[in-house]
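This report refers to the structure that appears directly beneath it.
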Amino acid sequence: MKDTFQREKAAQILQDCISSVLAEMAFMDALPSSLQEPLHENKETLNASIDILTPLSCNLEIATSRLLCERIIDILYFDTEETVKHKLAEDTLLEILNIIAGQFLSAYFGQGAVIQLELPRLVYIQDDKSKDTAVQVLMDVEGEHFLASLSSVRYRY
Amino acid sequence: MSAYQHILIVDDSPTSRMIIERCVQMCGLEPQHFYHAENGIEALGILSETSAIDLIITDINMPKMDGQTFVRLLKNRDETREIPVIITSSIADSSFEPEMSQLGVMAVVKKPVSPEKLVGPLGVEQ
């Protein structure tokens, strides 16, 4: 088993997974964007992270605007109160991450790979010390940025 | 009238539960009631309180009690053994599938769930 990702292959698969998940879940178009552009200036950003245990110890994190999450909720639910929408935005991001992670690992490692994921969680404070970013993909989802970062994880025992 | 009138949806994500509920309805089913549980423990609680459940749609990756453990317990109990189960999972070709199939799980549906993916397992004509 390899202990790291092939960057180009991983980036392409990650991009494809983000596009297909957002299209299937929310009928939204996600297109590659330039990494030079600033991420959500003056907008509230939500971050979610999931640890992958096998086949490779790593972590997938996504970041996007709360506005995009709330737009997805508007598509999934019809009439939602603002307070409920606020709370559901976080859950929606976690579920999107869970599905992207599963699809990415299935596509990258192929049939027969044993995949074990932790539960996705929201990230409020970045802990970059134990992470080594291998792949970063920035997408434009109908005018909103969607950043995905795949990192290898150095576990401390 | 559909064979499935009381459907239990087990998933820790409210978003995911709502998507599944919508997809079932978009398949043309009109159940009398959807029951929601956040994990296997909650689902077993609902099943101990009502015998009306005639279909279970459960996620695998959940806190407290995951879908695999839940299905094993379900299929070991006389009262719940015969209830049809559909599993939803974000992982394709997972290692749990052979065991779940042996336990009599109807289908494993890959997330995100869509009406197109549910019509087959639900036995609905398009």
Side-chain angles (χ1 to χ4, degrees), chain A residues 13 17-28 48 50-55 60 69-70 72-80 84-85 87-122, chain B residues 9-27 34 36-42 57-70 86-101 108-120:
Chain A
I13 292 174
C17 289
I18 294 167
S19 293
S20 78
V21 169
L22 289 172
E24 274 192 77
M25 244 180 118
F27 314 106
M28 284 181 161
I50 190 165
D51 288 332
I52 296 153
L53 305 178
T54 61
L60 180 62
C69 296
E70 293 189 351
I72 293 171
I73 291 162
D74 283 334
I75 293 166
L76 298 176
Y77 300 76
F78 295 125
D79 296 315
T80 313
V84 178
K85 197 189 279 186
K87 203 166 183 177
L88 282 173
E90 296 170 352
D91 177 68
T92 298
L93 189 70
L94 293 174
E95 186 59 11
I96 288 170
L97 173 60
N98 186 38
I99 298 172
I100 290 172
Q103 284 202 1
F104 168 75
L105 294 167
S106 300
Y108 187 90
F109 291 103
Q111 270 194 332
V114 176
I115 294 164
Q116 279 186 297
L117 302 172
E118 288 283 10
L119 294 168
R121 63 185 187 281
L122 292 169
Chain B
I9 301 171
V10 193
D11 198 306
D12 55 318
S13 162
T15 303
S16 187
R17 296 199 299 269
M18 178 54 68
I19 291 172
I20 292 167
E21 200 175 303
R22 285 276 159 77
C23 288
V24 169
Q25 289 165 335
M26 286 168 76
C27 285
F34 285 103
H36 286 198
E38 286 189 10
N39 54 60
I41 294 173
E42 268 191 33
I57 303 175
T58 182
D59 187 22
I60 281 288
N61 201 16
M62 295 181 288
K64 295 182 185 170
M65 184 190 285
D66 64 25
Q68 272 175 280
T69 311
F70 167 58
I86 295 172
I87 286 176
T88 60
S89 171
S90 61
I91 301 164
D93 307 312
S94 314
S95 54
F96 61 81
E97 285 187 42
E99 185 201 356
M100 293 296 107
S101 170
V108 177
V109 172
K110 199 177 149 200
K111 285 184 172 183
V113 176
S114 65
E116 292 76 22
K117 292 176 187 171
L118 277 183
V119 286

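Reminder, nothing fancy here: chain letters follow the sequence lines and each chain counts from 1.
The parts of A/Leu117 that come within reach of chain B are both its backbone and its side chain, each placing non-hydrogen atoms under 4.5 angstrom from that chain. In this structure, the portions of A/Ile99 lying under 4.5 Å from any heavy atom of chain B include both its backbone and its side chain. Contact annotation for A/Glu118: only backbone heavy atoms (N, CA, C, O) come within less than 4.5 Å of a heavy atom of chain B.
Taking 4.0 Å as the cut-off between side-chain N and carboxylate O, B/Lys110 and A/Glu24 do not count as a salt-bridged pair.
Put simply, CG on A/Leu76 and CD1 on B/Ile19 are 4.5 Å apart, with the number rounded to the nearest 0.5 Å. Note that the CG atom of A/Asp91 and the CZ atom of B/Arg17 stand 8.0 Å from one another [nearest 0.5 Å]. Distance CG/B/Asp12 to CD/A/Glu95: 7.0 Å, rounded to 0.5 Å.
Taking the side chain as every heavy atom from C-beta outward, A/Met25 and B/Ser16 never approach each other to under 4.5 Å. Contact annotation: the side chain of A/Leu88 approaches that of B/Pro14 to within less than 4.5 Å [non-hydrogen atoms, C-beta and beyond].
Each of A/Asn98, A/Val21, A/Ile115, A/Ile100 was scored for a side chain to side chain contact (heavy atoms under 4.5 Å, CB included) with B/Ser90, with one residue passing: A/Asn98.
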